[in-house]
Amino acid sequence: MIKKYSRKKNNRGSTMVETLVSFVVIAAVLAALYAIVSFSTRLWMNSVDAANIQQSFTDEIARINPNTSAVDITHYTAGPVIDSEDGKQYADFELVSVDSVSGETTTIKLNNISADSYVSIEKSVEDENIAAPKAIVFKHKSQLEDVDDGD
């Protein structure tokens with residue numbers, strides 16, 4: 001009888017190719033993780049900047065006399081558009097209702113409403129490429145007369 005000697009395989013350690021492949025896989029995972037973290041950090045910082053700009057804009061328009069270096073204010077006088085050259089801009093508002101079945105339109109003129117438009121003109125809005133906060137305040141003519149009587 002002939003004895004067969006079996007040789008044990010040595011599976012300890014790893015080859016150079018296995019080691020290099022594992023380093024490449026780890027590098028790819030870390031690069032993807034870095035891209036995700038940097039992108040989310042940039043979005044978070046933009047949202048913080050936008051919130052700060054919105055808060056300063058809200059504080060500014062809540063003042064009685066807003067600072068014109070931070071807010072662009074446009075006043076629209078109540079009444080229909082007048083062809084005269086008085087330099088005023090008029091708020092010629094109208095409500096238009098369209099019947100979905102017949103297509104008939106109904107128009108209501110709102111000549112007693114004035115408007116004040118506020119737009120943030122802070123330098124950081126342009127530098128950071130953030131949408132400028134805007135607001136419109138509508139006032140009925142009776143509200144304006146009450147304010148004028150109190151002076």
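Residues take their numbers from the sequence shown, with the count starting at 1. Note that the coordinates shown come from a computational prediction; the quantities given were computed from them, not determined experimentally.
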message: Tell me whether Ile36 shares a hydrophobic cluster with Leu30, the cluster being built from Ile, Leu, Val, Met, Phe, Trp, Tyr side chains joined at under 4.5 Å.
response: no
message: Applying the side-chain contact (heavy atoms from CB on, under 4.5 Å) criterion to Tyr118, which one of Thr74, Val71, Asp72, Thr58 satisfies it?
response: Val71
query: CG/Asn67 to CD/Glu122 distance, rounded to the nearest 0.5 angstrom?
result: 9.5 Å
field: By salt bridge (Lys or Arg N to Asp or Glu O under 4.0 Å) - contacts of Lys109 (at least two apart)
entry: Glu94
- prompt: With side chains defined as the heavy atoms from C-beta onward, is the minimum distance between Ser124 and Ile130 less than 4.5 Å?
  reply: no
- request: Could you check Gln54 against Phe57 for side-chain contact (heavy atoms from CB on, under 4.5 Å), going step by step and ending with a plain yes or no?
  value: CA-CA 5 Å; Gln54 181 67 40; Phe57 174 73; 4.1 Å; yes
- request: Take Ser97 and Leu95 through the test side-chain contact (heavy atoms from CB on, under 4.5 Å) and record every step on the way to the result.
  value: CA-CA 7 Å; Ser97 173; Leu95 290 175; over 6 Å; no
message: Would you compute the distance between atom CG of Asp92 and atom CG of Leu110 and round it to the nearest 0.5 angstrom?
response: 9.0 Å
message: Can you tell me how far apart CG (Leu33) and CD1 (Ile26) are? Round to the nearest 0.5 Å.
response: 13.0 Å
message: Let me confirm one number: the CD1-CD1 distance from Ile61 to Ile73, rounded to the nearest 0.5 Å.
response: 9.5 Å
field: Phe93 and Phe138: CA distance, side-chain angles, deciding distance, ring pair (Phe, Tyr, Trp, His ring centres under 6.0 Å) verdict
entry: CA-CA 11 Å; Phe93 294 115; Phe138 297 100; 5.4 Å; yes
task: For Asn129, look at atom CG and say whether over 12 heavy atoms of other residues, nucleotides or ligands are found less than 6.0 Å away.
output: no
field: Where Thr77 and Ser114 come nearest, the two heavy atoms and their spacing
entry: C-CB, 4.2 Å
- prompt: If every non-hydrogen atom of Tyr90 is compared with every non-hydrogen atom of Ala78, which pair is closest and at what distance?
  reply: CD2-O, 4.1 Å
field: Within residues 35-52 or reaching into it, pairs that qualify as side chain to side chain donor-acceptor pair (under 3.5 Å) - sequence neighbours excluded
entry: none
